[in-house]
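What follows is a set of notes on a single structure, which appears directly below.
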Amino acid sequence: MDPASFERRSDCEWEVPPQGGMRVPGIIYADRALIEAMDEKVREQVRNVATLPGIVKASFAMPDAHWGYGFPIGGVAAFDAAEGGVVSAGGVGFDISCGVRTLLTGLRRNDLQGHEQRLADALFAAIPAGVGSTGHLRLEDREMDAMLAGGARWAVQRGYGEAADLERVEERGCMAGADPGAVSGRARQRQRDEMGTLGSGNHYLEVQEVVDIQDPDTAAVFGLRQGDIVVSIHCGSRGLGHQIGTEFLKRMALAAPDHGIDLPDRELACAPLESALGREYLGAMRAAINCALANRQILTHLTRMAFFEVLPQADLRLLYDVSHNTCKEEPHEVEGRTRRLFVHRKGATRAFGPGHPDLPEVFRDTGQPVLIGGSMGTASWILVGEAGSEQRSFASACHGAGRAMSRHQAARRWKGRQLVDELAGRGILIRSVSSRGVAEEAPGAYKDVGAVVEAARCAGLARPVARLEPVVCIKG
DNA sequence: ATGTCC
């Protein structure tokens with residue numbers, strides 16, 4: 001996009017002034033180079049979101065924004081139920097509560113020396129990955145209900161992981177307000193065998209080295225030192241979230257005229273927060289959040305088992321678990337008044353700053369860890385929430401590098417086998433069930449995550465704490 | 001993202 005076509009508010013803040021049906025302005029947080037590289041579709045989608053009923057303040061895009069279904073990926077928008085505000089299935093995304101959790105291992109890079117191949121093999125054997133992959137559990141209906149209501153808390157009760165993990169999961173491991181009854185039979189059927197699986201696409205489990213510390217004081221609170229080994233897991237709610245997204249998108253599009261909503265794009269399908277359909281979606285979506293939290297909790301247990309086989313001295317403890325595809329009801333101060341808003345974050349990470357009452361005690365003085373996944377073979381980052389992001393983006397930040405090229409283009413340009421060999425030459429071990437999947441996830445198909453993180457810092461959304469480099473990567 | 005089109 002042409003930077004000159006925006007009202008520039010500051011170095012890293014670009015405004016799309018309200019026009020046409022826009023109820024509020026659009027705001028894109030990025031530096032000049034990222035704006036230049038962004039597709040024109042991002043502006044169009046930011047403007048479309050700004051037309052939705054009850055939107056508060058602005059339609060936002062994070063520095064890693066790119067073209068998504070209806071809302072941009074990297075989009076943030078908050079709605080007020082009392083002002084006719086809506087909830088949108090496309091505004092959450094199909095992979096409901098997709099997110100990242102990072103585990104501390106107590107290991108240093110030296111401890112891994114000579115064990116990398118065995119660890120990669122053990123993890124690859126332990127972690128079911130790929131399209132349609134199935135796990136070790138079979139959830140009958142009653143157990144499915146318990147999982148959908150209990151989230152990571154349910155998983156810990158069933159022996160997956162430790163009670164101490166729960167304190168370090170957003171919502172303390174269990175999303176309130178979930179309605180298992182709003183989850184269809186087909187969504188349940190799809191998820192029956194898929195608990196504790198990684199999935200495909202950009203999902204991964206990575207063993208990483210902390211290679212650089214930007215903020216030593218915060219890193220100390222997070223338990224991160226240069227040379228430490230950590231594990232990051234990126235995945236979501238698998239078939240269940242996808243099925244819920246598909247079903248409600250269709251129902252919301254069909255019901256829009258009855259709700260008096262005029263959609264500029266069918267993909268923006270939404271329902272009033274105060275309608276029966278809106279409430280039903282919120283209940284189903286929150287159940288899908290619990291599914292994703294339970295899934296990452298089970299994967300954590302499997303990861304611990306694999307490490308125990310190869311490096312029994314490892315002590316895997318959760319740093320934090322964040323979701324980046326959600327709609328959450330949160331109090332936010334707007335023009336001096338605290339209002340309860342429904343904040344859609346689609347490909348955007350919650351980034352609560354210091355003092356936020358919802359954070360566990362350990363992060364009360366620092367702000368929450370903001371976990372940013374890179375692309376395969378490139379760096380990941382751990383950021384920390386800043387107080388100012390509350391006013392700037394409803395306390396949200398970027399979520400990753402963001403695609404620069406379509407899957408199809410990437411698959412034509414690269415060969416999976418060749419990429420695996422190249423990365424092995426740089427000391428990065430890839431294990432994947434799908435050669436095409438690896439090609440689609442080529443590092444060159446993504447933007448530079450470092451530039452995205454720098455823009456998030458420049459915009460005051462979150463502050464870099466540590467940079468991680470991959471050692472082993474298990475891909476779907 | 002996704003039993004990569006019920």
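Computed from a prediction, not measured in an experiment: that's the story for all the values here. Basis for what follows: all heavy atoms, side chains included, without hydrogens, waters or symmetry-related copies. Below, chain A is the first sequence line, B the second, and so on; all start at residue 1.
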Quick test of your reading of the model: are A/Arg403 and A/Glu441 salt-bridged, counting only N-O distances below 4.0 Å? yes
Atom pair distance, as rounded to whole Å: CZ in A/Arg186 and P in B/dC6: 8 Å
Please report, rounded to the nearest Å, how far the P atom of B/dC5 is from the CG atom of A/Leu249. 16 Å
Across all chains, not counting sequence neighbours, the disulfide bond (SG atoms under 2.5 Å apart) partners of A/Cys174 are none
Consider only side-chain N and O atoms of A/Arg345 and A/Ser393, and report whether a donor and an acceptor are under 3.5 Å apart. no
Residues from residues 232-245 of chain A lying under 4.0 Å of DNA chain B - heavy atoms: A/Arg238, A/Gly239, A/His242
Distance, rounded to the nearest Å, where A/Gln189 contributes CD and B/dT2 contributes C1': 16 Å
Salt bridge (charged side-chain N to carboxylate O under 4.0 Å, His left out) with A/Glu143: of A/Arg192, A/Arg158, A/Arg188, only one passes, and it is A/Arg158
On DNA chain B, more 5' by nearest nucleotide between A/Arg407 and A/Val131 is A/Arg407
Can we say A/Arg304 and A/Asp165 salt-bridge, meaning some charged N sits less than 4.0 Å from an Asp/Glu carboxylate O? yes
What is the distance, to the nearest angstrom, from the OH atom on A/Tyr69 to the C1' atom on B/dT4? 15 Å
Output the rounded distance in Å from NZ (A/Lys475) to P (B/dT4). 18 Å
A/Ser200 side-chain N/O to B/dT2 phosphate OP1/OP2 under 4.0 Å: yes
Round to a whole Å and report the spacing from CG of A/Asp193 to P of B/dT2. 15 Å
Using the six-membered ring wherever Trp is involved, compare the ring planes of A/Phe60 and A/Tyr29 and label them parallel, tilted or perpendicular (cut-offs 30° and 60°). parallel
How many Å lie between CG on A/Leu198 and P on B/dT2, as a whole number? 9 Å
